[in-house]
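Below is one structure, written out as structure tokens; the observations come after it.
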Amino acid sequence: MTASANTNPNSGATSGDVVTMDKIVALSKRRGFVFPSSEIYGGVGSTYDFGHYGVLLKGNVKNEWWRQMLQERDDIVAIDSAILQHPRVWEASGHLAGFTDPLVDCRTCGQRFRADHLAELACGRKPSKHPGETEECSLTEARDFNLMFETTIGPVKESGATAYLRPETAQGIFINFKNVLQFSRKRPPFGIAQVGKSFRNEITPGNFIFRTREFEQMEMEYFVPPDQAREWFDYWLKERERWYHELGIRPDHLRLRPHDADELSHYSSATSDVEYLFPPTSSNGAGLREGEPRWSELEGIANRGDFDLTRHAEFSGQKLEYFDQATGERYVPHVIEPAAGVDRATLAFLVDAYDEEFVEREGTGEGEKRTVLRLHPRLAPVKAAVLPLVSKDGQPELAREVHRAVRARVQAEYDEGGAIGRRYRRQDEIGTPFCLTIDHQSLTDRSVTLRDRDSLAQERIAIDGLAEEIERRVNAPWKTPKPA
RNA sequence: GCGGCGGUAGCUCAACGGUAGAGCCUUGCCCUUCCAAGGCAAUGACGCGGGUUCGAUUCCCGUCCGCCGCUCCA
């Protein structure tokens, strides 16, 4: 729970400490994971485009989430709801009211206040004053802060109906509760899961892809009998924590943090955050660091009670409840919601995997720094790279054959350009767990060397059955070699 | 949105009131070699707009973008 190992700037250059956000941003751009969006036009604040490896990595993160939610159990079904929904959805959810308060800023003290609550608010000055009451106060005009993106349905703006881009995927699940109940043959406890884009006009986006105005969520609403809500809440806390651990996040960099009473959302009776210990922004050569490591939220797990179904029942006039044939009971299920950020999880996996080490050149005592992403093989964008040692003597031809076989099973690359060491390092930087090198011996005995990303160890392995062997290794249990 | 700092090739840096230079990276060719150190060549930058000036990447203003703090959340 504590961050002692990483809050101490003098803790030395253990491999876990070298990462900074600057390095992640630079690597992301250098290797084509993530680019600032609209760059050729000067950029748009806090929007990002995912490049080739970023798409593969993020896709793997989502796949792993689906694996836990769908493949490994039979009480959760999937849905993919529309981004544009009926405006009443957001009245019922509370977003339209809660997201549109007029606010004023004070230019003197820098604080922000609800414009309609000035008379009751204290502005922090002594003796206690209301905002605007003292001579130094310099309040701005009241402005509407609508955190939802607004658009118009219909091509003529003036005559169209106002609609909102969804600020969360959860509501798309609640409004489909009836549909799913009818067609999925499920009864509580059961869940509905969704992955998709959401949009919020954040006041202060930033921290790379950590907080953006357009982001992707992985949300699951788990509907349970009211008297079981607490136990399922605890269950999902553990399940979600296990998910991060199994995908290689170092346990001492992950924690569950229960919300205080005053932090709770309007809809929640209990919420815990899954937090990751993110590194500082940058560090200079002298070991001084700008910013401190900071616990930040990857995921919120909330007990939403019956708030959502009750509200939608009220606003829509539809019955949103479950009738238990066995007991003759009719009730509104309570909801446990693990709501995770895809981009945040992806960033955390990148950060946690980042490592640098010194590789000595044989016998010289000198060497090079190696940058490597120690990603769980299942998360790695590319599972295997096929490399002919030299690009002649029939090696490229055999390598192409191996590549064709391997890529039939897993994401694989072929590369014959430049020195072999350089190609290994390129693969290290994108986290490829296995490099398959074709050499002169390969041509006579149909074997390759398999080079391990983390240990650099090489072993000789037969080409026949190679693709299956790679697939087996990718799916084997894995633990990060990085020290805690 | 407010306050502080910053913006020169993909990256790390340099110089300068007289139209920018290096290393690394990348690409091509040669070499053929199991961990980025070989040879030859090439691509490539003053965030954007305005002002001062004979002349602005340099000085001034605005704007955009980024980082740090306030606030919010996945």
Side-chain angles (χ1 to χ4, degrees), chain A residues 21-23 25-27 29-32 35-47 98-99 103-113 138 140-141 143 145 147 167-170 197-198 200-213 215-219 263 265 271 273-274 280-282 290-292 296-302 337-345 347 359-362 364 366-371 387-393 395 416-429 435 437-441 448-449 451 453 456 458:
Chain A
M21 288 308 296
D22 287 355
K23 289 180 182 178
V25 173
L27 175 67
K29 190 169 180 186
R30 184 168 74 246
R31 288 301 175 199
F35 310 106
S37 188
S38 307
E39 242 187 332
I40 63 171
Y41 288 104
V44 176
S46 194
T47 59
F99 275 37
L103 299 172
V104 297
D105 289 302
C106 177
R107 297 186 190 89
T108 310
C109 65
Q111 293 188 82
R112 169 171 297 148
F113 309 99
S138 172
T140 61
E141 292 292 301
R143 284 166 298 195
F145 278 75
L147 295 202
E168 63 176 28
T169 56
K197 286 269 175 97
S198 292
R200 286 180 206 171
N201 243 326
E202 294 286 349
I203 301 165
T204 311
N207 294 105
F208 195 40
I209 58 173
F210 186 80
R211 179 179 290 111
T212 52
R213 296 197 168 97
F215 60 102
E216 203 162 4
Q217 293 184 298
M218 307 182 283
E219 294 194 298
E263 273 185 285
S265 319
T271 299
D273 286 343
V274 179
T281 303
S282 63
E290 287 176 45
E292 285 297 316
S296 301
E297 180 190 357
L298 299 181
E299 170 162 354
I301 298 164
E337 172 196 79
V342 180
D343 311 274
R344 288 182 178 189
L347 182 60
V359 180
E360 189 183 326
R361 198 172 304 287
E362 258 178 81
T364 62
E366 297 180 6
E368 298 275 344
K369 187 182 79 173
R370 179 173 86 114
T371 301
L387 315 168
L389 189 57
V390 297
S391 57
K392 60 172 192 180
D393 299 338
Q395 290 183 20
E416 66 172 50
I420 187 69
R422 184 185 305 264
R423 282 177 278 164
Y424 285 149
R425 296 300 163 78
R426 244 200 304 260
Q427 296 299 329
D428 288 340
E429 283 207 332
C435 285
T437 304
I438 280 72
D439 57 16
H440 56 278
Q441 186 183 335
V448 301
T449 60
R451 177 251 195 197
R453 174 196 68 198
L456 301 184
Q458 295 190 39

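Letters A, B, ... mirror the listed sequences (proteins, then strands); counts begin at 1.
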Within the sub-3.5 Å range, which N or O atoms of nucleotides 63-66 of chain B have a protein N or O partner, and how far apart are they?
{"unit_1": "B:C65", "atom_1": "OP1", "unit_2": "A:G45", "atom_2": "N", "d": "3.1"}
{"unit_1": "B:G66", "atom_1": "OP1", "unit_2": "A:S46", "atom_2": "N", "d": "2.5"}

Taking the [atom1] atom of each, how far is [N] from [M], in whole Å?
{"N": "B:A74", "M": "B:G6", "atom1": "C1'", "result": "30 Å"}
{"N": "B:A15", "M": "B:C67", "atom1": "C1'", "result": "26 Å"}
{"N": "B:U52", "M": "B:G62", "atom1": "C1'", "result": "15 Å"}
{"N": "B:A42", "M": "B:A56", "atom1": "C1'", "result": "31 Å"}
{"N": "B:G17", "M": "B:A22", "atom1": "C1'", "result": "24 Å"}

key: Gap between atoms CZ and C1', on A:R370 and B:A36 respectively (whole Å)   = 12 Å

note = Mate of B:C70 across any strand shown (Watson-Crick or G-U wobble, both atom pairs under 3.5 Å) is B:G1

query = Can you list the residues that meet the salt bridge (charged side-chain N to carboxylate O under 4.0 Å, His left out) rule with A:E299, with sequence neighbours excluded?
reply = A:R240

ask   = A:A339 side chain: which of B:A74, B:C35, B:G10 is closest?
value = B:A74

inquiry  = Of the listed nucleotides (B:C73, B:C34, B:C35), which one gets closest to any side-chain atom of A:R425?
reply    = B:C35

N/O contacts under 3.5 Å, protein versus nucleotides 25-30 of chain B?
{"unit_1": "B:C25", "atom_1": "OP1", "unit_2": "A:R422", "atom_2": "NH1", "d": "3.2"}
{"unit_1": "B:U26", "atom_1": "OP1", "unit_2": "A:R426", "atom_2": "NH1", "d": "2.9"}
{"unit_1": "B:U26", "atom_1": "OP2", "unit_2": "A:R422", "atom_2": "NH1", "d": "3.2"}

